[in-house]
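Okay, so here's the structure we're looking at.
Note that the structure is predicted; figures quoted are calculated from it, not measured. What you see below is based on every heavy atom in this structure, not just the backbone, and it leaves out hydrogens, waters and symmetry mates. We're numbering straight along the sequence, starting at 1.
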Amino acid sequence: MQTDNRIRVVVVGGGTAGWMTAAALAALVPGAAHVHLVESAEIGIVGVGEATLPHLRAFVTRLGIDEAAFMAATQATFKLGIEFRDFGAIGDRYIHPFGTYGRPLGGVGFHHYWLRRNEGAAAAPIGEYSTGVVAAAARRFVRPGADTDDIAHAFGYAYQFDATRFAPFLRAHAEARGAERSEGRVVEVIRDPAGGDVTGIVLDDGRRIDGDLFVDCSGFRALLIDGAMGEPWEDWSHWLPCDRAVAAPCASPDGPIEPYTRATAMPAGWRWRIPLTHRVGNGYVYASAHVSDGAATDALVAAMENPPLAEPRHLRFRAGRRRRSWVGNVLSVGLASGFLEPLESTSIYLAQMAITQLIEHFPDRVVADADRDGFNALVDAEYDRIRDFLILHYHATTRDDSPFWDHVRTMAIPDSLADKMALWRRTAQVSKYSHGLFLEPSWVAVYLGQGIVPAGWDPRADLPDAAALDRALATLRDGIAGAVAAMPDHKAYLGRAA
């Protein structure tokens with residue numbers, strides 16, 4: 001007879017998604033759930049070095065993890081945004097910051113005033129009105145203060161870290177809070193013949209582990225959500241054609257450590273550079289229809305500033321998501337749920353988002369349709385919005401110098417993105433939604449950074465006197481420059497924060 005009233009949650013798969021799930025459930029719903037994670041040392045993790053979004057800070061804080069301990073364990077650096085090179089056109093460069101541009105006035109976004117003055121060349125580049133952009137370009141960093149009304153603190157930050165170290169760090173945190181771990185490979189999934197729910201899994205040594213709720217963190221293998229439940233995959237490769245990556249670390253160069261991730265467009269995709277404290281992560285995300293694995297590897301190695309520290313690793317994937325991420329009593333997190341290439345560092349965020357929604361919709365022993373449907377609706381909306389944002393980086397280009405870029409420039413795009421782009425081109429308005437990732441400043445960064453300048457702006461931006469507006473812009477720009485000049489060098493700050 002079961003006397004423990006907690007829901008038995010079985011997490012299948014370790015790695016980042018699995019141990020994030022286990023750590024969050026053990027810390028945040030300890031009275032409601034008993035967490036049992038199953039992983040196999042025979043199965044490696046996909047992580048090849050990670051750049052993250054500011055949301056991970058909230059996750060780390062919510063779990064009661066000390067930031068300094070987390071950063072030391074994962075060899076982390078700070079991240080103020082992503083620098084994009086050669087996307088809109090060869091030679092273009094811009095930074096997508098974690099923060100705002102200027103300040104709104106009279107309910108009108110700053111970029112409308114900037115567009116008005118930029119038309120007459122009276123404004124500096126819009127990045128000079130963002131503290132995050134200016135600090136990143138200067139390779140300076142300090143944690144922002146709480147007063148976000150002060151332009152000196154109007155930015156956020158994330159982390160760049162070694163993904164292979166993150167899961168072991170979270171494992172220790174989860175096990176200290178009661179999570180149980182079993183080593184083994186799943187060889188059978190037991191389902192209830194009447195309702196179809198999963199009731200247990202069998203490991204290669206014959207052990208059976210029963211549960212009430214199963215979280216599939218088995219990566220692209222999707223042992224439960226696909227293998228057992230047969231949930232279909234929505235393929236988005238016609239919009240996001242990159243389907244492979246090759247990755248390799250190299251030694252850090254002498255000199256400063258950039259507080260940003262770099263994405264450089266390549267003839268058949270793009271190349272990442274992620275600076276950590278002990279090395280630099282490099283990778284080439286590419287479309288196999290346009291370049292061979294060997295040629296992609298050669299191009300990556302040739303572009304690296306130092307020789308590889310390990311043999312390049314090759315990964316295969318396809319963009320898309322499950323039609324439903326929660327089916328019956330099986331919920332998928334991470335790559336089992338969906339995959340969107342790492343162009344905007346969304347992989348860990350999407351796992352974190354699903355975990356957060358699981359906690360918000362945490363079920364009783366019998367899963368309610370309302371919990372499952374609410375979870376699926378929110379997860380689907382987030383994937384769809386991020387998909388559109390990623391497509392924008394490819395489609396908003398004048399490049400026709402290679403078959404890959406000619407294809408993404410001219411391809412049909414989702415109606416949802418076409419509508420967003422049409423609204424921006426006409427009025428400089430960004431389609432708004434109250435929750436989710438990549439709000440107005442992010443879209444403004446990519447639109448303007450990749451050369452999509454709207455035909456007009458909010459007419460209320462014409463109300464201020466031009467001379468007064470120019471003085472305000474100059475004061476804002478000077479204030480940001482002064483605040484950044486007072487910040488320490490990023491590398492020096494890392495040494496001080498250790």
Side-chain angles (χ1 to χ4, degrees), residues 15-17 41-52 71 73-79 82-87 158-169 219-220 240-319 334-335 339-348 393 402 404 491 494:
T16 299
E42 298 176 7
I43 302 171
I45 64 171
V46 172
V48 289
E50 285 286 358
T52 67
M71 293 188 69
T74 59
Q75 300 288 303
T77 57
F78 294 107
K79 176 183 175 184
I82 304 173
E83 181 190 54
F84 289 93
R85 294 185 176 185
D86 300 336
F87 274 77
Y159 311 107
Q160 301 168 132
F161 64 77
D162 186 339
T164 63
R165 298 171 181 244
F166 189 38
F169 178 82
F220 291 128
L240 295 168
C242 290
D243 58 353
R244 297 188 187 180
V246 56
C250 71
S252 301
D254 294 333
I257 298 176
E258 293 85 351
Y260 57 86
T261 297
R262 179 179 299 149
T264 303
M266 298 284 280
W270 62 278
R271 187 178 80 251
W272 80 69
R273 181 184 184 278
I274 304 174
L276 309 183
T277 59
H278 63 311
R279 61 168 173 80
V280 174
N282 306 277
Y284 184 1
V285 177
Y286 59 95
S288 61
H290 295 280
V291 66
S292 68
D293 294 344
T297 302
D298 292 344
L300 173 66
V301 172
M304 290 162 53
E305 53 223 299
N306 284 310
L309 295 174
E311 282 295 313
R313 288 183 56 195
H314 290 265
L315 306 169
R316 297 188 178 196
F317 47 78
R318 55 177 174 153
L335 301 178
F339 178 80
L340 295 172
E341 59 165 271
L343 185 58
E344 280 281 359
S345 308
T346 54
S347 180
I348 287 180
H393 293 67
S402 71
F404 172 83
K491 188 173 184 179
L494 287 168

Identify, with sequence neighbours excluded, every residue that meets side chain to side chain contact (heavy atoms under 4.5 Å, CB included) alongside Asp298.
none
If we ignore angles and hydrogens, is there a donor and acceptor under 3.5 Å between the side chains of Thr52 and Gln160?
no
In chain order, what residues pass the ring pair (Phe, Tyr, Trp, His ring centres under 6.0 Å) check against Phe404, with sequence neighbours excluded?
His290, Tyr394
Pro267 and Ser402 have their tightest heavy-atom pair at O-OG, 2.8 Å
Looking at Arg85 and Glu83, does any basic side-chain N land under 4.0 Å from a carboxylate oxygen?
yes
Distance from Ser345 atom OG to Leu340 atom CG, nearest 0.5 Å?
12.5 Å
Distance (rounded to the nearest 0.5 Å) between Arg165 CZ and Thr16 OG1:
13.5 Å
By side chain to side chain contact (heavy atoms under 4.5 Å, CB included), which residues pair with Ala303, not counting sequence neighbours?
Arg271
The criterion is side chain to side chain donor-acceptor pair (under 3.5 Å); which residues satisfy it with Tyr284, sequence neighbours excluded?
none
How close do Ala51 and Ile274 get, heavy atom to heavy atom, and via which atoms?
N-CD1, 3.8 Å
Between atom CZ of Phe161 and atom CD1 of Ile348, what is the distance when rounded to the nearest 0.5 Å?
3.5 Å
What residues form a salt bridge (charged side-chain N to carboxylate O under 4.0 Å, His left out) with Glu341, not counting sequence neighbours?
none
Among residues at least two apart in sequence or on other chains, which ones pass side chain to side chain contact (heavy atoms under 4.5 Å, CB included) with Ala73?
Phe169
How many angstroms lie between atom OG1 of Thr277 and atom CE of Met71, to the nearest 0.5 angstrom?
8.0 Å
Name each donor-acceptor pair under 3.5 Å that joins a side chain in residues 245-257 to protein atoms two or more places apart or in another chain, with its distance.
residue: Ser252; atom: OG; partner: Arg279; partner atom: N; Å: 3.3

Could you list the residues that satisfy side chain to side chain donor-acceptor pair (under 3.5 Å) with His393, not counting sequence neighbours?
Glu344
Under 3.5 Å, side chain of Asn282 to main-chain N/O of Val280, donor-acceptor pair present?
yes
Within a strict 4.5 Å, meaning less than it, do heavy atoms of the Leu343 and Phe87 side chains meet?
yes
With Ser347, which residues qualify under side chain to side chain donor-acceptor pair (under 3.5 Å), at least two apart?
none
Any heavy-atom pair between the side chains of Arg316 and Asp293 that's under 4.5 Å?
yes
Results of side chain to side chain donor-acceptor pair (under 3.5 Å) for Glu258 - residues two or more places apart only:
Arg273
Taking atom CZ of Phe78 and atom CG of Leu494, what is their separation to the nearest 0.5 Å?
6.0 Å
The criterion is side chain to side chain contact (heavy atoms under 4.5 Å, CB included); which residues satisfy it with Asp243, sequence neighbours excluded?
Ser288
For the pair Trp270 and Tyr286, evaluate side chain to side chain contact (heavy atoms under 4.5 Å, CB included) and give the outcome as yes or no after the intermediate values.
CA-CA 7 Å; Trp270 62 278; Tyr286 59 95; over 6 Å; no
What's the separation between atom NZ in Lys79 and atom OH in Tyr159, rounded to the nearest 0.5 Å?
12.5 Å
Taking side chain as C-beta onward, heavy atoms only, is Arg244 less than 4.5 Å from His314?
no
